[in-house]
Protein chains: 2
Amino acid sequence: MAAQRGEGETTTTPAEPADRERARAIPEAAVARLAVYLRALSGMADQGVTAVSSEELSQAAGVNAAKLRKDLSYIGSYGTRGVGYDVEVLVSHIERILGLTRNHSVAVVGIGNLGHALANYGGFPGRGFPVTALFDVDADLIGIPVGGIPVNHIDEITAICLEREVSIGVIATPPPAAQSVCDRLVSAGVQCILNFAPVVLQVPDNVEVRKVDLAVEMQILSFHVARRADEAAGVSVDNNGLGVDGMVSRP
Amino acid sequence: MAAQRGEGETTTTPAEPADRERARAIPEAAVARLAVYLRALSGMADQGVTAVSSEELSQAAGVNAAKLRKDLSYIGSYGTRGVGYDVEVLVSHIERILGLTRNHSVAVVGIGNLGHALANYGGFPGRGFPVTALFDVDADLIGIPVGGIPVNHIDEITAICLEREVSIGVIATPPPAAQSVCDRLVSAGVQCILNFAPVVLQVPDNVEVRKVDLAVEMQILSFHVARRADEAAGVSVDNNGLGVDGMVSRP
DNA sequence: TACCGCTTGTGAACGCATGCACAAAGTCGA
DNA sequence: TCGACTTTGTGCATGCGTTCACAAGCGGTA
Ligand SMILES: NC(=O)c1ccc[n+]([C@@H]2O[C@H](COP(=O)([O-])OP(=O)(O)OC[C@H]3O[C@@H](n4cnc5c(N)ncnc54)[C@H](O)[C@@H]3O)[C@@H](O)[C@H]2O)c1
Ligand SMILES: NC(=O)c1ccc[n+]([C@@H]2O[C@H](COP(=O)([O-])OP(=O)(O)OC[C@H]3O[C@@H](n4cnc5c(N)ncnc54)[C@H](O)[C@@H]3O)[C@@H](O)[C@H]2O)c1
């Protein structure tokens, strides 16, 4: 990286990709891992560790060392060859890249089973994600404080989100309500949404949605159980199981 | 372990792509989507829809139609050209592939905020994932039923998991306890684990772990906020930049 | 029966992500 | 000061996953 010319990206620029697209220089997958590295590094810092090698950190994060180094290279060269990385320096750079240098106010919508757990969870505020607003439709809940924050009626969502500068909306309502809640959040200027409802949300291009779908997670696990069972049973391998008449010619 | 140079010829040819390895013919990413298709299809079936085209289904699942067809092709050819897919047929084939033809008993460990929400959640049993055991260390919780299941002490985990044939273990304990809980689950023969604790779990090869890490999800969203803000501010995309003094002014 | 329009299934191209291997670049001890 | 040793940063190859594009196949229709 030292003697590089002002080109920035070394790759042979292919034709003409939209300039704005250039922005996403860091692969999404790498971003997710950076968050994991950050947590491992924070833990180390708390224990007084000041330096770490890619080998050690990769172990703590459960990834390949080469991959870790490549991930870090996306954000710059902050290591010292022959030594490793300074924990604090790395922490601050990852925090900068992830946009953690400022707080991101969070609103939770749907204060049922899951909403209560989220609102009571102490792990977010400490990490720069203060929960500042809670919403529901249930009259019995309005005004009741959960995790120190009183629940507001969903109809106040626009005003309150703007006022409290909510940047992340969490949807924990029943599936049928999810899309409408999502629309309201978007109208209120919220551009990031974390969705727990098992529904595919429709949003404008400028809004980022991430979903946490426990049923899907379980089903993926189930798939692996089934595959393992099949393997053990010696069922050679054709996904066409159910041989009934599914097997036709395949040259 | 820096590699010695004597091995120039290492090209590490895999020599022989093991035949049995052919088994994993279905990409993991596709498996996750199949679960989403399944949900969309179930919803359609409930509404009396009997046939669906790849275009319609892909829309409902929020993916590209070509990708959907390729995903479905991994499990066989069950569509009718010129017509589309029979909803029920597709449902049954996806269920078969995902191993949903039999129930998967679930145990939740750590009945705190999150554990309560999970235990009370009605969405799992209906989908073939009955929660059959709850564990905690807190004496005040032992014996109390949550979602209809009484909480047992963690020390009983092995006996109860074996007895109730638990195949999926959900970890919802504080981070420091997660690894030990995981080890206990594995000893009890549980081969699939869903982990909510922000910890990288160490497990044997024959155990499948999936993690749900809300802090990471939030940080990914934060990254996008930051990226958007940078873009809007016209900061040409250079991940270096060290904001400390870089923010002072923009050329 | 023969044709037509529609939708599937898939070969092939492309692009992203992973992992390897090694030169570059630094530290440390003598 | 020098050389040996350590660890980073990255070019490159490989493999996976996505997307495109279209022939094959099917139902409906004349
Ligand atoms: N609880 C879990 O462990 C769990 C697990 C997986 C998925 N989920 C999903 O998370 C969501 C919430 O689950 P839950 O168990 O907390 O459900 P819940 O029924 O306990 O809570 C839902 C809450 O949303 C409120 N609500 C309903 N409509 C609303 C609206 N239009 N605007 C605002 N609030 C509204 C209800 O008043 C209620 O308080 C569901 O979509 C569920 O499928 C939950
Ligand atoms: N609550 C949330 O919304 C949320 C969000 C993100 C992540 N998490 C993570 O999920 C986990 C649980 O969160 P929570 O808010 O429910 O915590 P909590 O403190 O409310 O509950 C933890 C429970 O685990 C039990 N426990 C502790 N040690 C145990 C052990 N060795 N064996 C069995 N049980 C044990 C405790 O008695 C307690 O009941 C934590 O790791 C947390 O970081 C929670």
Side-chain angles (χ1 to χ4, degrees), chain A residues 1-4 7-15 17 21 24-34 51-59 61-86 89-90 93 239-240 246 248-251, chain B residues 1-15 17 21-22 24-34 51-59 61-86 89-90 93 239-240:
Chain A
M1 183 114 237
Q4 196 117 315
E7 251 199 49
E9 289 304 286
T10 50
T11 48
T12 51
T13 327
E21 285 301 306
R24 58 185 65 268
I26 306 181
E28 181 96 0
V31 173
R33 286 191 297 268
L34 283 172
V52 65
S53 71
S54 64
E55 189 61 46
E56 295 167 314
L57 183 52
S58 71
Q59 209 115 37
V63 305
N64 179 298
K67 177 154 40 175
L68 177 134
R69 288 201 298 275
K70 179 143 294 197
D71 286 345
L72 293 182
S73 79
Y74 291 126
I75 68 175
S77 300
Y78 303 113
T80 305
R81 293 173 188 226
V83 178
Y85 301 88
D86 180 287
V89 168
L90 215 44
H93 281 292
N239 296 326
N240 290 341
V248 199
S249 60
R250 197 77 211 78
Chain B
M1 298 320 151
Q4 298 301 48
R5 72 253 279 355
E7 297 195 74
E9 178 231 342
T10 37
T11 335
T12 51
T13 320
E21 283 303 305
R22 196 71 61 96
R24 61 183 62 270
I26 307 182
E28 178 97 1
V31 173
R33 285 190 299 267
L34 283 173
V52 66
S53 72
S54 64
E55 189 60 48
E56 295 167 315
L57 183 52
S58 72
Q59 209 116 35
V63 305
N64 180 299
K67 178 157 31 179
L68 177 134
R69 288 200 300 274
K70 176 136 295 198
D71 287 345
L72 293 183
S73 79
Y74 290 127
I75 68 175
S77 300
Y78 303 112
T80 305
R81 295 172 187 228
V83 178
Y85 302 88
D86 180 286
V89 168
L90 216 44
H93 281 292
N239 295 325
N240 297 334

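- Qualifying side chain to side chain donor-acceptor pair (under 3.5 Å) partners for B/Ser54, counting only residues two or more places apart in sequence or in other chains: B/Arg69.
- Distance B/Glu28 CD to D/dC16 P: 13 Å, rounded to the nearest Å.
- Contact annotation: A/Lys67 side-chain N/O to C/dT18 OP1/OP2 distance is under 4.0 Å.
- Between A/Ser54 and D/dT7 there is no side-chain polar atom (N or O) within less than 4.0 angstrom of OP1 or OP2.
- For a distance-only test at 3.5 Å, the side chain of A/Arg81 fails to qualify as a donor-acceptor partner of the base of D/dT7.
- When the P atom of D/dT10 is taken as reference, atom CD1 of A/Ile75 falls 12 Å away, rounded to whole Å.
- Of all the heavy atoms in A/Ala25 and A/Tyr74, the pair that sits closest is O-CD2, 4.3 Å.
- One interatomic measurement links the two molecules: OH of B/Tyr74 to C1' of C/dT8, which rounds to 15 Å at whole-angstrom precision.
- For B/Arg69, whose side chain is taken as the heavy atoms from C-beta onward, the closest listed nucleotide among C/dA17, C/dA21, D/dA21 is D/dA21.
- Comparing D/dT18, C/dT8, D/dT8 against the side chain of A/Ser53 picks out D/dT8 as the nearest.
- Between B/Asn64 and the phosphate of D/dG17, there is no side-chain N or O to OP1/OP2 separation shorter than 4.0 Å.
- Phosphate contact (OP1/OP2 of D/dT18, side-chain N/O of B/Arg33, threshold under 4.0 Å): present.
- Side-chain atoms of B/Lys70 stay outside donor-acceptor range of the base of C/dG9, with no qualifying N/O pair under 3.5 Å.
- If you measure from atom CG of A/Leu68 to atom P of C/dC20, you get 14 Å, rounded to the nearest angstrom.
- The listed nucleotides are D/dG9, C/dA21, C/dG9; the one nearest the side chain of B/Ser73 is C/dG9.
- Considering only side-chain N and O atoms, B/Tyr85 lies under 4.0 angstrom from the phosphate OP1 or OP2 of C/dG9.
- D/dC5 atom P lies 20 Å from atom CD of A/Glu55, rounded to whole Å.
- Checking A/Gly82 against B/Gly84, the closest nucleotide of DNA chain C that is more toward the 5' end is the one next to B/Gly84.
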